Amino acid sequence: MTFTATIVAQVQHTKPDALWAIATALSREVSGTSAADAFIALPDGGRVEVEIAKFGESLPLAIDVVDARGAAEARASAQNILDLLEQSTGWQVDHLHD
């Protein structure tokens, strides 16, 4: 079982650009064989995935922080990532969903 906490950001980026910005903020690399399955591995075994708005949907960018250890761990990792993104990218990060 995995647990997910989602960061919601009011930005317009392609999935590869968003992943690159997040990976840079985390000093990590993007993994995956294609843009569709790309993710950022976290040192604790979790991962970061990006969902972008589809045609006809409005913003925001959804950044999923997935962790198998538990909901509290996923949320804590997401909060740390949210703080880093606000500092390093200047993105308007609205909130964090469980």
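Note that this is a predicted model, so its numbers are computed, not measured.
Hydrophobic clustering of Ile, Leu, Val, Met, Phe, Trp and Tyr side chains at less than 4.5 Å, counting indirect connections, keeps V65 apart from F39.
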inquiry  = Working note: E73 + R75, criterion salt bridge (charged side-chain N to carboxylate O under 4.0 Å, His left out); need CA distance, chi angles, decisive distance, verdict.
reply    = CA-CA 5 Å; E73 289 81 358; R75 186 170 180 74; over 6 Å; no
message = Under the criterion side-chain contact (heavy atoms from CB on, under 4.5 Å), I'd like the reasoning laid out for I81 against L42: C-alpha separation, chi angles, the key distance, then a yes or no.
response = CA-CA 10 Å; I81 292 168; L42 297 174; 4.2 Å; yes
message = Between V66 and E49, does the side-chain contact (heavy atoms from CB on, under 4.5 Å) criterion hold? Intermediate values first, please.
response = CA-CA 8 Å; V66 182; E49 301 171 348; 4.2 Å; yes
ask   = After noting the C-alpha distance and the side-chain angles of V93 and V8, does the key distance pass the side-chain contact (heavy atoms from CB on, under 4.5 Å) rule?
value = CA-CA 6 Å; V93 181; V8 178; over 6 Å; no
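Under a 4.5 Å side-chain heavy-atom criterion applied to ILVMFWY residues, the cluster that includes M1 comprises F3 as well.
Closest approach of L19 to A38, counting heavy atoms only: CD1-CB, 3.5 Å.
Here the CD1 atom belonging to I22 is positioned 9.5 Å from the OG atom belonging to S88, to the nearest 0.5 angstrom. In this structure, CG in D67 is found 9.0 Å from OG1 in T4, a value given to the nearest 0.5 Å. Here the straight-line distance linking atom CH2 of W91 with atom CG of L61 works out to 5.5 Å at 0.5 Å rounding. To the nearest 0.5 Å, atoms CD1 (I63) and CG (L82) are separated by 8.0 Å.
Listed by first and then second residue, the side-chain hydrogen bond (donor to acceptor under 3.5 Å, both in side chains) pairs involving residues 15-32 are T14-D17 (not counting sequence neighbours). Listed by first then second residue, pairs satisfying side-chain hydrogen bond (donor to acceptor under 3.5 Å, both in side chains) with a partner in residues 76-86 read D44-S77, Q79-D83, not counting sequence neighbours.
Side-chain contact between D64 and V50: absent, with no pair of heavy atoms (C-beta onward) separated by less than 4.5 Å.
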